[in-house]
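For the numbers below, each heavy atom of this structure counts, side chains included, while hydrogens, waters and symmetry mates do not. Numbers restart at 1 for each chain; the letters A, B, ... are given by sequence-line order, proteins then strands.
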2 protein chains.
Amino acid sequence: MVTIREVAKEAGVSVATASRALNGMSNVTEPTRAKIEAVAARLNYVPHSGARSLTKRQTDTIGVILPDLFGEFFSELIRGIDKAVHAEGKTLLLGTMHGRQEETAQAIRAMRGRVDGLIIMPPETVAKTLDTEPLVAFPIVMLNAPPKGSTLPFVSIDSRAGAEMITRHLIERGARKIVHISGPANNRDAIERAAAFRDIMKAELGIADPVILPGDFCEGSGEKAIVALLTSGIAFDAVFAANDVMAVEAMMSLRDAGYAIGTEVLVAGFDDIPLARYVSPGLTTVRSEITKLGEAAARTLLALLKGELDEESHGTVIVPRLAVRGSTAGRDEAA
Amino acid sequence: MVTIREVAKEAGVSVATASRALNGMSNVTEPTRAKIEAVAARLNYVPHSGARSLTKRQTDTIGVILPDLFGEFFSELIRGIDKAVHAEGKTLLLGTMHGRQEETAQAIRAMRGRVDGLIIMPPETVAKTLDTEPLVAFPIVMLNAPPKGSTLPFVSIDSRAGAEMITRHLIERGARKIVHISGPANNRDAIERAAAFRDIMKAELGIADPVILPGDFCEGSGEKAIVALLTSGIAFDAVFAANDVMAVEAMMSLRDAGYAIGTEVLVAGFDDIPLARYVSPGLTTVRSEITKLGEAAARTLLALLKGELDEESHGTVIVPRLAVRGSTAGRDEAA
DNA sequence: TTGAAAGCGCTACCAT
DNA sequence: ATGGTAGCGCTTTCAA
């Protein structure tokens with residue numbers, strides 16, 4: 001591998017001058033620069049980013065630590081982050097902890113010296129831990145985990161607002177006996193969505209203790225919940241699943257069980273993954289705009305790095321909107 | 001940030017000893033090691049991977065350059081790569097060229113000094129260029145682009161075999177007037193799939209010049225193709241799209257136009273993205289096992305880095321299998 | 001077993 | 001405008 005030193009020697013200048021020329025600094029004579037560039041091209045010189053990072057104390061790399069890489073949610077998220085990061089000419093270092101929480105700390109440590117800042121989406125409520133960990137010496141933006149008592153900047157989706165909207169929507173469309181399929185018990189979003197569901201059921205219908213079936217956000221749990229529901233004999237006229245994956249599965253299971261989706265039984269999800277519009281009927285859901293979420297996180301971090309993070313963008317809460325489709329056409333139309 | 005020097009000083013040893021102790025080398029007295037580790041923990045020392053990479057001339061990072069990040073294909077691919085890479089304790093550096101071919105070379109250069117090796121999925125037939133480029137001084141594995149006249153190791157899916165299978169399958173299920181929606185004209189996979197389709201139509205049905213509609217693998221083009229098809233008045237009883245995204249769209253469009261999918265008109269795709277099994281009827285497609293593809297690429301690169309790449313694994317061609325679902329239930333059953 | 005010191009490839013400061 | 005040189009934080013000979 002040819003280094004800058006060889007280029008300098010070959011061009012008959014010092015490494016300092018070579019460095020300046022190659023980095024487009026102004027204080028280099030035009031002929032000198034031309035010669036250096038020619039030599040660099042001839043020798044096929046490619047700067048060693050690692051070495052450069054070491055001296056500049058800046059890596060131009062953004063690290064992302066995700067709980068997992070499964071499904072469309074993460075792919076959309078990464079796309080959003082990449083979009084913003086790439087726009088600033090920086091690169092993306094991807095780390096996951098494969099669901100294992102113990103790996104989080106290690107994953108973060110491994111980032112030291114490789115990235116300028118980190119976007120972390122903790123699997124659960126690791127936020128507090130992170131804030132305590134003194135090792136967190138570099139800029140961090142939390143994703144979807146509004147840190148309680150933490151001072152870390154964050155970007156998240158307003159799960160509560162979304163769940164409220166959708167529950168109201170189901171009621172408006174004629175549902176009265178709504179069943180909720182929740183996410184993991186230790187997941188903040190899942191908890192908020194379930195709580196919001198309860199609140200609206202109480203406020204709008206006076207139902208203090210609505211049916212909530214356990215789920216885990218993953219494939220398999222939507223179907224399981226429906227099987228349990230049907231077996232239980234509980235009466236229902238709508239299902240609100242805490243995310244789209246479960247909602248789609250629930251929809252399929254209900255359809256297979258002979259229910260007419262959208263009229264006899266309304267179904268709604270949360271996230272608006274691409275799949276939601278392809279199933280039939282289309283799935284009514286809460287549009288999180290995942291890509292936007294990723295972009296916002298990246299932009300917050302980028303601003304933080306530049307020291308331009310103003311107070312108001314310190315914490316960004318994205319308020320989702322409804323995406324109404326066929327799965328909640330309405331009970332009235334069933335008649 | 002605390003460096004190894006501070007740890008050494010605080011522990012009353014030389015940096016050399018500190019380094020050895022922290023890296024678990026054997027030639028350090030137990031008490032010395034204990035003390036150093038205690039100090040490191042107390043000072044919350046985290047090694048600087050960048051600096052370490054520089055001296056060791058090894059980054060423990062694998063770079064991946066993708067044409068884009070859109071859709072499930074790439075998310076599954078990344079997941080596969082990450083799986084293999086993570087298993088070896090290495091990290092993943094992600095680069096994309098956002099469809100712009102000019103960015104490829106630059107993206108590769110930017111990797112110098114950051115990664116030990118590269119997995120590249122060129123948008124088109126950049127393989128040759130890459131092989132020529134002398135800058136490619138580090139280990140590279142090509143993804144899905146069997147380099148013509150290139151000596152780079154590669155992993156790819158046998159598009160031809162897959163397309164042959166599925167065309168035969170459609171014919172078996174009673175289709176005679178099959179229309180193909182192709183991918184981008186400059187995409188190798190797209191070209192091979194179309195060619196295989198032609199060959200089988202010729203061989204099995206004696207149709208030398210089957211209808212092939214242009215597409216681009218992306219959302220929008222499946223629908224467009226169907227609109228064109230319906231407008232043209234061309235007779236058809238099956239549609240084989242070069243990838244699932246277009247196939248699903250085509251399916252929806254045809255259904256909206258009043259066709260019974262799976263009986264009146266058969267539809268098939270290519271890739272087997274998760275979505276394929278959720279639409280209804282399920283989409284018959286070619287199972288590429290994208291995750292496996294990513295894993296294989298990563299493993300090839302890892303072996304290459306270890307100097308363990310034997311001749312036969314130099315080029316891996318994954319032969320896909322059919323995933324038969326409702327969208328090709330069969331024309332016979334229509335009766 | 002431990003320490004001193006020479007780099008890894010580059011940038012940036014201080015001279016000239 | 002150009003050159004010499006001191007690091008960036010770490011690993012790794014070479015000596016002791």
Counting heavy atoms from C-beta on, name the nucleotide in D/dC8, C/dT11, D/dC10 closest to the side chain of A/Arg57.
D/dC8
Please confirm whether the shortest side-chain N or O distance from B/Ser19 to OP1 or OP2 of D/dT11 is below 4.0 Å.
yes
C/dC10, D/dC10, C/dG3: which one has an atom nearest the side-chain heavy atoms of A/His48?
C/dC10
Does any N or O in the side chain of B/Asp216 come within less than 3.5 Å of the main-chain N or O of B/Cys218, such that one atom is a donor and the other an acceptor?
yes
If we ignore angles and hydrogens, is there a donor and acceptor under 3.5 Å between the side chains of B/Arg188 and B/Ser156?
no
Would you mind telling me which of C/dA12, D/dT2, C/dG9 lies closest to the side-chain atoms of A/Thr55?
C/dG9
Using atom NZ of A/Lys9 as one end and atom P of D/dT2 as the other, report the distance to the nearest whole Å.
20 Å
With a 4.0 Å cut-off on heavy atoms, is A/Val13 in touch with a base, just the backbone sugar-phosphate, or nothing at all?
sugar-phosphate
Send over the distance from B/Leu54 CG to D/dG7 P, rounded to a whole Å.
17 Å
First encountered from the 5' end of DNA chain C, between B/Gly12 and B/Lys56
B/Gly12
Non-hydrogen atoms of B/Leu302 and B/Ala84 that approach each other most closely
CD2-O, 3.8 Å
State which of C/dC13, C/dT1, D/dC10 makes the closest approach to the side chain of B/Asn27.
C/dT1
Distance test, side-chain N/O of A/Thr3 to OP1/OP2 of C/dG9, below 4.0 Å
no
Rounded to whole Å, CZ of B/Arg20 lies from P of D/dA15 at a distance of 15 Å
When the distance from CG of B/Leu22 to P of D/dT11 is rounded to whole Å, what number comes out?
8 Å
For B/Ala51 and for B/Thr17, locate the closest nucleotide of DNA chain D by heavy-atom distance; then report the residue assigned to the nucleotide nearer the 5' terminus.
B/Ala51
Rounding to a whole Å, what distance do you find between B/Arg5:CZ and C/dA6:C1'?
13 Å
What is the distance, rounded to the nearest whole Å, between atom CE of B/Met25 and atom C1' of C/dG3?
16 Å
Take A/Arg33 and A/Glu30, measure what salt bridge (charged side-chain N to carboxylate O under 4.0 Å, His left out) needs, and give me the verdict at the end.
CA-CA 5 Å; A/Arg33 149 169 296 127; A/Glu30 205 35 66; 3.8 Å; yes
Would you indicate which nucleotide in D/dC8, D/dT5, D/dT11 comes nearest to any side-chain atom of B/Arg52?
D/dT11
In this structure, which one of A/Lys306, A/Lys83, A/Arg299 forms a salt bridge (charged side-chain N to carboxylate O under 4.0 Å, His left out) with A/Glu88?
A/Lys306
I need the CG-P distance between A/Asp116 and D/dC8, as an integer number of Å.
18 Å
From the set C/dC13, D/dT11, C/dT11, return the single nucleotide nearest to any side-chain atom of A/Val15.
C/dT11
Could A/Lys9 and A/Glu6 be called an ion pair, given the rule that one side-chain N must be under 4.0 Å from one carboxylate O?
no
Residues touching DNA chain C, which here means a heavy atom under 4.0 Å, drawn from residues 28-40 of chain A:
none
Is there a donor-acceptor pair closer than 3.5 Å between any side-chain N or O of A/Ser49 and the backbone N or O of B/Ala110?
yes
Criterion salt bridge (charged side-chain N to carboxylate O under 4.0 Å, His left out) on A/Glu76 and A/Arg79, from CA distance to verdict:
CA-CA 5 Å; A/Glu76 289 289 296; A/Arg79 198 160 69 89; 3.6 Å; yes
B/Arg114 CZ to C/dG9 C1', in whole Å, measures 14 Å
